[in-house]
S.K.: 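My questions all concern the structure below.
Counting starts at 1 for both ligands and their atoms, following the listed order.
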Amino acid sequence: MSTECMFCRIVDGAIPATVVHETDTVLAFRDIAAQAPTHILVIPKVHYADAAAMAAADPALAGEVLAVAGEVAKLDSVNATGYRMVFNTGPDANQTVFHAHCHVLGGRGMTWPPG
Ligand code: AMP
């Protein structure tokens with residue numbers, strides 16, 4: 001747990017968030033600057049700087065993050081129409097929060113490749 005990390009502070013309740021789903025190990029909340037009608041962030045409660053670090057250290061936890069991403073897509077009813085799971089990793093991907101997180105984006109059509 002890092003008090004410098006915004007998402008750790010959301011996990012410990014110091015910063016409010018609109019939580020949509022929670023397990024013992026994973027938290028899912030709405031992105032504060034939604035880029036789509038559904039834009040949910042799914043994070044491990046323990047701190048890893050990015051998805052690759054999480055998967056290397058704890059593959060089961062990485063699997064739980066993916067499973068919760070699928071669950072919240074169902075909660076927002078975008079599972080039938082489709083959605084995107086995105087793990088921005090590093091500067092070229094414009095990662096801005098260095099706590100592993102999966103963006104779940106849906107509710108509108110999306111282009112490929114992303115900009
Ligand atoms: P990334 O650019 O992949 O690191 O994504 C970080 C995401 O966190 C961005 O989409 C932000 O809008 C989102 N974000 C930042 N602060 C908060 C917050 N306090 N609550 C919810 N989402 C946030």
Side-chain angles (χ1 to χ4, degrees):
M1 181 80 64
S2 163
T3 53
E4 303 301 314
C5 170
M6 183 186 307
F7 287 178
C8 285
R9 297 185 71 202
I10 288 175
V11 169
D12 69 21
I15 294 178
T18 304
V19 173
V20 295
H21 192 63
E22 183 171 10
T23 71
D24 288 346
T25 56
V26 175
L27 189 68
F29 53 93
R30 297 206 183 272
D31 195 293
I32 203 167
Q35 302 299 312
T38 287
H39 190 170
I40 295 167
L41 301 174
V42 183
I43 69 168
K45 290 184 176 178
V46 296
H47 183 90
Y48 292 104
D50 57 39
M54 170 178 64
D58 191 341
L61 179 59
E64 290 168 30
V65 168
L66 289 176
V68 168
E71 287 301 315
V72 299
K74 280 188 199 163
L75 283 175
D76 256 26
S77 302
V78 295
N79 54 307
T81 47
Y83 55 93
R84 189 170 281 170
M85 295 184 189
V86 176
F87 290 92
N88 292 325
T89 305
D92 277 359
N94 282 319
Q95 184 180 4
T96 59
V97 177
F98 291 86
H99 180 126
H101 54 280
C102 177
H103 295 259
V104 178
L105 295 146
R108 65 168 171 81
M110 289 174 213
T111 58
W112 188 262

S.K.: Of Asp76, Asp31, Val78, which is the lone residue that meets side chain to side chain contact (heavy atoms under 4.5 Å, CB included) with Ile40?
M.R.: Asp76

S.K.: Let me have the donor-acceptor pairs involving side chains of residues 99-107, under 3.5 Å, with sequence neighbours excluded, atom names and distances please.
M.R.:
| residue | atom | partner | partner atom | Å |
| --- | --- | --- | --- | --- |
| His99 | ND1 | His47 | ND1 | 3.2 |
| His99 | NE2 | Pro44 | O | 2.8 |
| His101 | ND1 | His99 | O | 2.6 |
| His103 | ND1 | His39 | NE2 | 2.8 |

S.K.: For the side chain to side chain contact (heavy atoms under 4.5 Å, CB included) test, which of Ile43, Leu61, Val46 pairs with Val26?
M.R.: Leu61

S.K.: Considering only heavy atoms, which protein residues lie less than 4.0 Å from any atom of ligand 1?
M.R.: Met6, Phe7, Ile10, Phe29, Arg30, Asp31, Ile32, Ala33, Leu41, Asn88, Asn94, Gln95, Thr96, Val97, His101, His103

S.K.: Can you measure from CD1 (Ile15) to CD1 (Ile32) and round to the nearest 0.5 angstrom?
M.R.: 9.0 Å

S.K.: With rounding to the nearest 0.5 angstrom, report the CD to CZ distance, Glu4 to Phe98.
M.R.: 14.5 Å

S.K.: What verdict does the side-chain contact (heavy atoms from CB on, under 4.5 Å) test give for Asn94 and Asn88, after you've listed the backbone C-alpha separation in whole Å, the side-chain angles of each residue and the deciding distance to 0.1 Å?
M.R.: CA-CA 7 Å; Asn94 282 319; Asn88 292 325; 5.6 Å; no

